Protein chains: 2
Amino acid sequence: MSGKVLNMDELKKILINKGVKPSIQRLKILEILLKKGHPSVDDIYRALIDEIPTLSKTTIYNTLNLFLEKGIAQAFTIAGDNELRYEYLNSPHAHFKCTKCGKIYDIELNCDVFIKKEINGFRINKALVYFEGICNECQNSKIS
Amino acid sequence: MSGKVLNMDELKKILINKGVKPSIQRLKILEILLKKGHPSVDDIYRALIDEIPTLSKTTIYNTLNLFLEKGIAQAFTIAGDNELRYEYLNSPHAHFKCTKCGKIYDIELNCDVFIKKEINGFRINKALVYFEGICNECQNSKIS
DNA sequence: TTCTCTGCAAACGCTTTGCACGGAT
DNA sequence: ATCCGTGCAAAGCGTTTGCAGAGAA
């Protein structure tokens with residue numbers, strides 16, 4: 001949930017740097033990945049369909065799979081969910097889902113494993129960490 | 001991948017303790033969860049169809065969802081996979097998938113977060129950790 | 001023109017649902 | 001007789017594939 005907002009030129013640069021030809025669809029999807037927290041394909045679709053009425057989910061899938069390939073985004077699942085979620089690929093972090101309010105937080109991890117990227121002699125190229133529990137806010141507001 | 005092997009009476013006890021009425025299907029599925037590493041529904045189906053020729057996948061889904069409810073098993077996904085995997089619910093640990101040999105390992109985690117079950121004041125009820133990389137064995141055998 | 005991107009429609013695969021049969025109590 | 005577990009068939013839903021038309025170079 002970086003919430004970063006970039007203009008079109010900056011978005012273009014990101015894509016070109018990663019070897020992806022910009023298009024309005026790709027730029028807009030990238031923009032959402034940078035702004036929104038952890039959108040699913042449907043989230044992205046609903047966010048863009050007004051602005052780009054011809055947009056199809058196929059294009060979103062194509063684009064996201066391209067982003068995965070090029071290392072621009074990464075995919076993960078919320079436990080028990082049947083849909084993939086995507087996020088802009090930056091520093092490794094954990095996801096925390098509050099089972100009360102449903103909000104998903106990004107959590108920094110300082111454990112050795114995630115810094116050294118190695119465990120028991122196994123080289124780690126990718127790490128996904130998912131927590132479920134009750135967030136601070138919900139613990140304090142005792143209204144059930 | 002506990003590899004534990006229990007007899008039918010011991011399996012029965014586990015189910016009854018968790019409030020699940022034993023049946024041959026449920027016992028056999030539990031047995032597989034205790035023996036096998038991280039089976040998918042299809043893994044379980046193929047493991048049992050010879051022994052129980054009338055077995056249907058619906059029953060496996062029913063049983064596993066019951067196990068999830070009762071805290072007997074937990075579900076997770078391997079990144080990029082479209083099918084759920086299940087495992088007997090015991091001490092929290094990480095999964096490590098070697099992208100070369102495809103093997104899935106269980107990894108013990110000693111980080112604070114996983115022991116204290118608390119981070120930044122957020123109470124953690126559930127933790128899923130997934131690593132991807134190259135396992136020791138594959139690093140040593142340089143045959144690509 | 002040539003090549004790539006887009007997007008509709010259909011296919012696909014995992015999971016859930018509806019429902020009827022059958023065994024257990 | 002009632003209840004519940006089982007399993008067939010069909011539906012549901014997220015994702016991928018095939019393909020044709022549009023657009024960029």
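Hydrogens, waters and symmetry mates play no part in the numbers below; they use all other heavy atoms, side chains included. Residue numbers start from 1 in every chain, and the chains themselves are labelled A, B, ... in the order their sequence lines are given, proteins ahead of strands. None of the values given here were measured: they were computed from a predicted structure.
Enclosure of atom NZ in B/Lys126 by more than 12 non-hydrogen atoms of other residues, nucleotides or ligands within 6.0 angstrom is indicated. For B/Lys12, the NZ atom counts as loosely surrounded, since its 6.0 Å shell holds 12 or fewer non-hydrogen atoms of other residues, nucleotides or ligands.
Between chain B and DNA chain D, the heavy-atom contact criterion of under 4.0 Å yields a 5' to 3' nucleotide range of D/dC4 to D/dA9.
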Collect all protein-nucleotide pairs involving nucleotides 5-9 of chain C in which both atoms are nitrogen or oxygen and the distance is under 3.5 Å.
| from | atom 1 | to | atom 2 | distance (Å) |
| --- | --- | --- | --- | --- |
| C/dC5 | OP1 | A/Arg26 | NH1 | 3.3 |
| C/dC5 | OP1 | A/Arg26 | NH2 | 3.2 |
| C/dT6 | OP1 | A/Ser23 | OG | 2.5 |
| C/dT6 | OP1 | A/Gln25 | OE1 | 3.0 |
| C/dT6 | O3' | A/Gln25 | NE2 | 3.4 |
| C/dG7 | OP1 | A/Thr54 | O | 3.2 |
| C/dG7 | OP1 | A/Thr54 | OG1 | 2.7 |
| C/dG7 | OP2 | A/Thr59 | OG1 | 3.0 |
| C/dG7 | O5' | A/Thr54 | O | 3.2 |
| C/dC8 | N4 | A/Thr58 | OG1 | 3.2 |
| C/dA9 | N6 | A/Thr58 | OG1 | 3.3 |

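For B/Gln139 (side chain) and A/Gly121 (main-chain N/O), a donor-acceptor pair under 3.5 Å exists by modelled atom type.
Put simply, A/Leu30 and A/Ile16 are part of two different groups of oily side chains (I, L, V, M, F, W, Y) that touch within less than 4.5 Å, one to the next.
The distance from atom CZ of B/Phe76 to atom P of C/dT15 is 12 Å, rounded to the nearest whole Å. Atom CG of B/Asn65 is separated from atom C1' of C/dT17 by 12 Å (rounded to the nearest Å). Separating the OH atom of B/Tyr45 from the P atom of C/dC14 is a distance of 13 Å, rounded to the nearest angstrom. In this structure, A/Asp81 places its CG atom 15 Å from C1' of C/dT16, rounding to the nearest Å. Distance, A/Tyr61 OH to C/dC12 C1': 13 Å, rounded to whole Å. A/Asn82 has its CG atom 11 Å from the P atom of C/dT17, to the nearest Å.
Two residues are said to be in side-chain contact when any heavy atoms from C-beta on lie closer than 4.5 Å; A/Ile52 and A/Lys28 meet this criterion.
The distance from the CZ atom of A/Arg85 to the OG1 atom of A/Thr77 is 10.0 Å, given to the nearest 0.5 Å. Taking CD1 of B/Ile32 as the start and CG of B/Leu27 as the end, the distance is 12.0 Å to the nearest 0.5 Å.
A/Lys13 and A/Asp9 are not joined by a salt bridge, as no carboxylate oxygen comes within less than 4.0 angstrom of a charged side-chain nitrogen.
Taking the six-membered ring for Trp and the full ring otherwise, B/Tyr86 and B/Tyr61 have centroids separated by 6.0 Å or more. Aromatic ring centroids of B/Tyr105 and A/Phe122 lie under 6.0 Å apart. Ring to ring, A/His38 and A/Phe76 are close: their centroids are under 6.0 angstrom apart.
Summary for the helix from C/dT1-D/dA25 to C/dT25-D/dA1: the axes at its two ends, each from 5 pairs, differ by 10° when rounded to the nearest 10 degrees.
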